[in-house]
Amino acid sequence: MKTISSANMRELDRRAIEEFNIPGDLLMERAGQGVAEITLDILNARMADTVLLIAGTGNNGGDVFAAASFLAEADMHVTVWICGSKQKIKGDAEYHLKKMIRRGIHPIEVAKDEDLSLERTPAVIVDGLLGTGAKGAPRGFMNELIEFINEEARRSFILSIDIPSGVDADTGIAEGNAVRADLTATMCLPKTGLIRPEAVPYVGNVEVIDIGVPDILKELAPGNMEAELIHRANLRVPHRSNEAHKGSYGHVLLIGGAVGTAGAIAMAARAALRSGAGLVSVLTPEEIYPIVAQAAGPEVMVHPVPHLEKLTLDFSKDWKKVTAVCIGPGLQPNPELIETLLQQCPVPLLLDAGALCVSPDQIAQAKCPVVLTPHPGEFERLFGVPVTDRWAQAKAASDQTGQTVVLKGAGTVVATPDYKLGVNMSGNPGMATGGSGDVLAGIITALLGRGMEPFEASITGVHLHGLAGDIAAEDLTQESLIATDIIRYLSEAFRMIRFS
Ligand SMILES: NC(=O)C1=CN([C@@H]2O[C@H](COP(=O)(O)OP(=O)(O)OC[C@H]3O[C@@H](n4cnc5c(N)ncnc54)[C@H](O)[C@@H]3O)[C@@H](O)[C@H]2O)[C@H](O)CC1
Ligand SMILES: [K+]
């Protein structure tokens, strides 16, 4: 999904209001309704009813007042704080402030530390301090409020409206204090700063709220050409037809595992199965074969290989029906094997972990489409430079190899030559746990095996992986989340995206 600058967003709002006669207070009402719906989902999941909404005196605060009215209507326990004086609130924000007060919610003006006390711990805190109209580092008491929110983040879910307050909507830079949100609900189109690497510590996941700006205006609005947000609204997984059989969904082959890392290849295989692959085969060293077969489960066809380093694959005979290959999870680095595969594999090939041991030149000479899934350490090993600029380096790596590069980490980037970068914001720090990457490799391989293009398979896989991790963390906590949980929650993630 394209991202937009704050100036272009203002222009978009102006045109919606002036050319399409959509009143500004209606746009704000829809913004508030969207925020309220997300808040209700989180409250329901947490079986709670207490929410604190914190407003600034601009229109970002206006969204708060509109949301508070909806939440009160839904019988939630609502508290609204205003940073500063009510007198400063004008226009659409004032309209929604008055409407909220008529509904019986009386906001509290907070201006000193003693004001920051609550009777009940809120399950959700909504941050509507600063939006696209913010200039520079937060000033005055807003700083205390941002620190308060960040402190409460241990107990409460933090939902930022439009952008996390303190983060610049265009550059993603926080010049001073900034809210660290779990989720940012952005209006109409995601703001350019939200996906910048600088903003990753603050933004959390990104939801986009439709505030009723006509599609034609959204299409015409100039977006940022450098990168796009990977968002579930734009992702499509091929629909399973009624007359399908298991051969219709691809046969993926995964190669990997070693003594001590048998689980890696087993997890990749299970993730591929749970991501819709029709058939999943695994080749793994003989000495760990029984462990892999057991861990992968009865649905996976596991084959022992006496000497993996001497493996040869006949793609015209035994492996004729294979539709995608993944090599690397749990694998000992083995450059000759990877070189051979790059030359001989006739179907999309995903190189992960131990398979990321060849030179960029060798990858550039591959006879098949390749997807590389390095984390920053593997990226450095592969391309010889530490990762300091995720976007530029992922792009350069993809240009150099002519292949799709998935640079993992918070704010995973997917780069493909001649195309914009895709930036993923789903996922959470709980997923920084052993095996998480193996699961991702399995998911993307399954999607490649079903015939999706490398870029589409990669952005879809990365997003699903993050979504599954987020749903799992909601149930299990980030601390307790482990890689196999991501597989377990994949079905919930698939429910959230569309099928074509
Ligand atoms: N325009 C629309 O139709 C819609 C906008 N929506 C929401 O509105 C905000 C943008 O609102 P705006 O009033 O332009 O700005 P802010 O609320 O972000 O803040 C302006 C407010 O804050 C003061 N201020 C500015 N910088 C600082 C600072 N560094 N420290 C402290 N205070 C600061 C300034 O003086 C103003 O009073 C947008 O993000 C949406 O959330 C709705 O979506 C509906 C449509
Ligand atoms: K905000």
Side-chain angles (χ1 to χ4, degrees), residues 4-36 38 53-67 81-97 111 125-146 149-150 158-170 173-194 199 202-204 206-213 217-218:
I4 188 170
S5 68
S6 51
N8 286 328
M9 186 61 221
R10 265 193 297 281
E11 175 64 6
L12 200 54
D13 279 336
R14 186 195 64 74
R15 293 188 70 181
I17 294 167
E18 289 175 13
E19 295 170 23
F20 286 79
N21 296 317
I22 304 172
D25 62 80
L26 182 60
L27 293 176
M28 191 171 276
E29 177 155 325
R30 290 190 181 132
Q33 183 174 3
V35 169
I38 294 172
L53 300 99
I54 309 181
T57 51
N59 285 332
N60 201 241
D63 295 350
V64 158
F65 308 136
W81 286 355
I82 296 175
C83 178
S85 159
K86 280 199 294 248
Q87 308 307 327
K88 278 195 176 168
I89 298 167
K90 297 285 179 261
D92 297 333
E94 185 183 16
Y95 168 85
H96 281 288
L97 172 65
I125 298 180
V126 177
D127 152 39
L129 283 168
L130 290 170
T132 51
K135 298 262 176 320
R139 292 184 297 271
F141 192 64
M142 211 164 256
N143 283 292
E144 276 71 29
L145 274 168
I146 292 173
I149 295 171
N150 288 342
I158 311 299
L159 168 59
S160 280
I161 301 181
D162 216 17
I163 49 170
S165 299
V167 171
D168 186 280
D170 296 327
I173 294 171
E175 284 181 34
N177 282 313
V179 168
R180 291 174 181 268
D182 293 295
L183 175 70
T184 299
T186 196
M187 303 309 155
C188 187
L189 284 171
K191 310 301 161 305
T192 300
L194 287 178
Y202 305 104
V203 172
V206 178
E207 273 304 326
V208 183
I209 295 177
D210 181 0
I211 58 170
V213 171
L217 287 183
K218 285 199 252 181

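Indexing begins at 1, ligand by ligand and atom by atom, following the structure's order.
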Hey, which atoms in ligand 1 end up nearer than 4.0 Å to a heavy atom of [X]?
X    : value
A137 : 28 (C), 29 (N), 30 (N)
D63  : 6 (N), 7 (C), 40 (C), 41 (O), 42 (C), 43 (O), 44 (C)
G136 : 29 (N)
A31  : 43 (O)
M187 : 43 (O)
M28  : 44 (C)

Heavy atom to atom 32 (N) of ligand 1, shortest distance: which of V35, L130, T57, I17 holds it? L130
Minimum distance, heavy atoms only, to atom 25 (C) of ligand 1: which one of G24, G34, P23, A134 is it? A134
Of all heavy-atom pairs linking P164 and T184, the shortest is CG-OG1, 3.7 Å
Strictly less than 4.0 Å: does any protein heavy-atom distance to atom 35 (O) of ligand 1 fall in that range? no
Under-4.0 Å protein heavy-atom contact, atom 4 (C) of ligand 1: yes
What residue among L27, V35, V208, I163 forms side-chain contact (heavy atoms from CB on, under 4.5 Å) with M187? V35
If we set the cut-off at 4.0 Å for heavy atoms, which region of [X] has an atom near ligand 1: side chain, backbone, both, or neither?
X    : value
D162 : side chain
D13  : side chain
N60  : both

For the K ion (ligand 2), every protein N/O/S atom that sits closer than 3.4 Å, waters excluded: N60 OD1, D127 O, L130 O, I161 O, I163 O, S165 OG
Are any of the N or O atoms of M142 closer than 3.5 Å to those of ligand 1? no
Output yes when the distance from some N or O of ligand 1 to some N or O of D92 is under 3.5 Å, and no in every other case. no
Could you tell me if S5 and D170 have a donor-acceptor pair between their side chains, going purely by distance under 3.5 Å? no
Please check if any side-chain donor atom of N60 sits under 3.5 Å from a side-chain acceptor atom of D162, or the reverse. no
Quick one: do V167 and I173 satisfy side-chain contact (heavy atoms from CB on, under 4.5 Å)? Show the steps, please. CA-CA 6 Å; V167 171; I173 294 171; over 6 Å; no
Over 12 foreign heavy atoms within 6.0 Å of NZ, K90: yes
